[in-house]
Each structure stands twice: as structure tokens, then as C-alpha cells.
Amino acid sequence: MAKTPTKLVANNKKAYHDYFIEESFEAGISLHGTEVKSLRMGKCSIKESFIRIENQEVIVYGMHISPYEKGNIFNKDPLRPKKLLLHKYEIHKLSGKIAEKGLTIVPLRVYFKGSLVKVEIGLARGKKLYDKRQDIAKKDQKREAQREFKIRNLG
């Protein structure tokens, strides 16, 4: 079976900085007409977005899809809540995990899988300030090691 090509539209680096991602799921997303064309042009932001489960439906809020320039009256509100498409057992699993203390659901990335728009969502636990500091320190150490390695190999 050939693997379908994926094209990344939006990535949520802030989620990896603010949360420990414990588990991730792939969800479809319910979109209207010109929103897909906007996504094909890469006009999407998920930095400030979050996900809630309401009435056994998973809904993403704050996901900004810019209006399509060549669109007309059919353009939708860029910040309208969008329904995510998951299996019922996945929704039950997520709602059970959220009932635990300190867990939330965040969108991690938006991408095309073949011709379908997919959203990768993550079950996340919030980081404390000292965890963020540790991550930054590790990143700095890694960068410094790369720099030293580069200098040694060039000289």
C-alpha cells in the first residue's frame, strides 16, 4: 500500500513549549467551500486555538483560516468554531482523559493527507515554569554543541 503524501499547512510550536504531549490523534475537520482553498494556499493559524468536547462533538475554537481572496459572499467567518471528525470511541476516550486533573486537548498541526484536510490533536498536560526553563536550557546546550562541532570540523 502506497503512503499518501502529506503537506503541512500549520504547525503549533507553542503547544510543544507549553505542554507535555502524552498522546496524539488524527482527526478530520468539517470545512465549508472556500476554506479548503485558503488552506491550500497555507493561510491558517492554530497558535491561539483550543479544543472542547460539547454534546459528544469535538470542536476547535480560535483556529484562524483567512478568507479566500477570490471568494465572494460564500466566505465564512475566519474564527468560526469548526467541528472535528473523530470516531465515537475516540471521543469517549478523550472525554474520559480530560476528566482527569490537568489534561487538555490542543491542536498540534494541520495538514493535507492526500486531498483530505487533517488536524493532529494532542492530549496534553501543562508544563510548569521550571519545566520550560529546563527545555530552553537543553535547547541551548544542543545549539552550543552543534556550534562547537561545526567549528571543529571546519578548522
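On a predicted model such as this, the values are computed, not experimentally measured, just so you know.
In this structure, Val106 and Ile21 have side chains that are in contact, with non-hydrogen atoms separated by less than 4.5 Å. With a 4.5 Å cut-off on side-chain heavy atoms, Lys88 and Ile91 do not count as touching. Between Lys82 and Leu31, some side-chain heavy-atom pair lies under the 4.5 Å cut-off. Between Met63 and Ile29, some side-chain heavy-atom pair lies under the 4.5 Å cut-off.
Here the straight-line distance linking atom CD of Glu22 with atom CG of Leu123 works out to 6.0 Å at 0.5 Å rounding. Expressed to the nearest 0.5 Å, how far CG of Asp18 lies from NZ of Lys13 amounts to 14.0 Å. Once rounded to the nearest 0.5 Å, the distance linking CZ of Arg125 with NZ of Lys97 reads 9.0 Å. Residue Leu86 holds its CG atom at 11.5 Å from NZ of Lys93, rounded to the nearest 0.5 Å. Between the NZ atom of Lys118 and the OH atom of Tyr111 there is a distance of 7.0 Å, given to the nearest 0.5 Å. Taken to the nearest 0.5 Å, the NE2 atom of His64 stands 4.5 Å off from the OG atom of Ser66.
Every residue two or more places apart in sequence or in another chain that forms a side chain to side chain donor-acceptor pair (under 3.5 Å) with Arg80 is listed here: Glu35. Considering only residues two or more places apart in sequence or on other chains, Tyr61 meets the ring pair (Phe, Tyr, Trp, His ring centres under 6.0 Å) condition with Phe50. For Arg52, there are no salt bridge (Lys or Arg N to Asp or Glu O under 4.0 Å) partners at least two apart in sequence or on another chain.
The minimum heavy-atom distance linking Ser95 with Ile53 is given by the pair N-CD1, 3.7 Å. Taking every heavy atom of both residues into account, Val9 and Cys44 meet most closely at CG1-CB, 3.9 Å. Listed here is the closest heavy atom pair of Leu108 and Ala15: CD2-CB, 4.0 Å. Of all heavy-atom pairs spanning Ile65 and Ser38, the tightest one is CG2-CB, 3.8 Å.
For Glu57 (side chain) and Glu54 (main-chain N/O), no donor-acceptor pair under 3.5 Å exists by modelled atom type.
Tracing side-chain contacts under 4.5 Å through hydrophobic residues (I, L, V, M, F, W, Y), one never reaches Tyr19 starting from Val110; they form parts of separate clusters.
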> Hey, mind stepping through Leu8 and Arg109 against side chain to side chain contact (heavy atoms under 4.5 Å, CB included) and telling me if it holds?
Replying inline: CA-CA 8 Å; Leu8 186 68; Arg109 57 192 191 115; 3.9 Å; yes
>> For Ile105 and Leu94: C-alpha separation, side-chain torsions, deciding distance, then whether side chain to side chain contact (heavy atoms under 4.5 Å, CB included) applies.
In response: CA-CA 8 Å; Ile105 310 173; Leu94 282 172; 4.2 Å; yes
>> Using the rule given for side chain to side chain contact (heavy atoms under 4.5 Å, CB included), can you reason through Ile121 versus Val60, listing the C-alpha separation, both sets of side-chain angles and the distance that settles it, and then say yes or no?
In response: CA-CA 10 Å; Ile121 60 175; Val60 62; over 6 Å; no
>> One pair to check against side chain to side chain contact (heavy atoms under 4.5 Å, CB included): Val119 and Ile51. What are the steps and the verdict?
In response: CA-CA 11 Å; Val119 179; Ile51 296 173; 5.6 Å; no
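One finds a salt bridge joining Lys14 and Glu48 here, because a Lys/Arg side-chain nitrogen approaches an Asp/Glu carboxylate oxygen to under 4.0 Å. With respect to Arg147 and Glu144, a salt bridge is recorded, a charged nitrogen being found less than 4.0 Å from a carboxylate O.
Both the sub-6.0 Å distance and the 45° axial angle are satisfied by Arg40 relative to the ring of Phe112.
A 6.0 Å sphere centred on NZ of Lys7 holds more than 12 heavy atoms belonging to other residues, nucleotides or ligands.
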